[in-house]
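Report on one structure; see the data block that follows.
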Amino acid sequence: MAWLEFQVRVPRGNKNSISAALHAAGAAGVQEDYLPGQAPPPRQPWDTGAPPPEPAELLIRAWFEDPDRPVVEASLATWRLETAWADVPDTDWSESWKDGFKPFVVSDRLVVAPPWDAPEGALIVEPGQGFGTGSHETTRALLHVVDRLADDVNTVLDVGCGSGILALAAAKLGCKALGVDIDEPSIREAVLQAERNSLEVPFSTDPVQDCEPADLCLANLYAEVLVELEEELRRCTGTWLGLAGIMDSKEHTVRAVFDPHMDLDERLVDGEWVALVYRKRQ
Amino acid sequence: MAKKVVNQIKLQIPAGQARPAPPVGPALGQAGVNIKQFCDEFNTRTKPQAGEGLVIPVVITVFSDRSFSFVTKTPPVAVLLLKAAGVAKGSGQPNREKVGTVTEAQVEEIAKTKLPDLNCTNLESAMNQVRGTAVSMGIIVN
């Protein structure tokens, strides 16, 4: 059976009425999208202030399996809208999303890989709802830190653990690790990742305020949150503190609160992202 | 985690019917998101509405490492009005062509359902929004 995509340019105020009409005409589902060139930059968790105004028009895409085209077009005829049909390539969607996920070699002893492409002994991380698939600069920076320090520490705490990748990497290298995150879906996923790797790493939504100090404390968050949690992160640090998720333009804000209290041991830069490794002062 | 948002995908999918086919396949496949995991969790979350044949809006946020999160919303007012009026579609010329009728009680019921997603805090304001949508669709409120 062939899928066809029906595209219609609609005034924002009519989007739900038109979407409802398309569902009634047999659409398997619809997508609300921006017209080409009109998408505003995605809003980031650290953005403040009012979001930019939404464009007055948008693009509704609807998908039909073997549609009766005149019937679909007639369902919107009274609105007099600009419409178009597009072929949908025959694709195995259940597999195609995996393209581009490759094993990431941290060192001879630590490789992170998706389940479908995992070499023997790799830490298996299935990409999903927890941030930390191993394909982002911030995660990679702290994986290097874990690999460098794992032989010198016994305990590791991952604050804002997402998929659990950092705590799991530490456990894989013989540390006693645990992870916390306020996001419940991430914790559910981290637990599954631990099971997948037969690693015993506790993950929970406990607040960082309840965490015991660990030899190595890791926090791959973003600058604003690192600054906000500065006192707690220092309290949770036995010896080493690894911070990541810092955009280079905001590094100074993080340095301003941590430098007066700890010794900067390493600074890693990858693209626009900076990671900082601090050592507790004796 | 240092989640940088790269994309937000807004879909409307029948409750309990997400599968690796359009619209989920092309929309999420292009973003490199774990389609099976999304479908499984969407279908689990919307199972209670599946029997009613309702369409559920969902906003999927895709992060820079292709991990994702999503929130489901209540069905659009337009969908609930069509269902209540027992008609397939709204009017393209609502001032001149009326396609159906709903009662005040149905408007109140829809407003209660939609209250969590509307920009208002009381039921009367929500009912006014529902009435406004009904007018724009050519549906009469008795």
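Note that these values count all heavy atoms, side chains included, but never hydrogens, waters or copies made by symmetry. Proteins get letters first, then strands, A, B, ... in listed order; numbering begins at 1 in each.
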*Got A/Arg43 and B/Val5 here, is their nearest side-chain heavy-atom distance under 4.5 Å?*
no

*Any side-chain heavy atom of B/Arg66 within less than 4.5 Å of one from A/Phe101?*
yes

Please look at [X] and chain B and tell me whether the side chain, the backbone, both or neither of the residue comes under 4.5 angstrom of a heavy atom of that chain.
X	value
A/Lys98	backbone
A/Asn16	both
A/Glu5	neither
A/Asp183	side chain
A/Ser94	both
A/Arg140	neither
A/Glu224	neither

_I'd like to verify something: which residue of B/Ser67, B/Ser136, B/Pro57 has the highest number of heavy-atom pairs under 4.5 Å with chain A?_
B/Ser67

*Are side-chain N/O atoms of A/Glu126 and B/Gln37 paired as donor and acceptor at under 3.5 Å?*
no

*Audit row: B/Lys4, A/Glu137, salt bridge (charged side-chain N to carboxylate O under 4.0 Å, His left out) steps and yes/no*: CA-CA 11 Å; B/Lys4 185 176 181 183; A/Glu137 296 92 331; over 6 Å; no

Heavy-atom distances under 4.5 Å only: say whether [X] touches chain A with side chain, backbone, both or neither.
X	answer
B/Ala18	neither
B/Val87	neither
B/Val33	backbone
B/Leu11	both
B/Glu41	side chain

*Okay, side chain of B/Asp65, backbone of A/Ser135: is any donor-acceptor separation there less than 3.5 Å?*
no

*Could you tell me the separation between the CD atom of A/Gln129 and the OG atom of B/Ser69, rounded to the nearest 0.5 Å?*
7.0 Å

_Would you compute the distance between atom NZ of B/Lys10 and atom OG of A/Ser19 and round it to the nearest 0.5 angstrom?_
11.5 Å

_Between A/Ala62, A/Pro42, A/Ala28, who has the most heavy-atom pairs with chain B when the cutoff is under 4.5 Å?_
A/Pro42

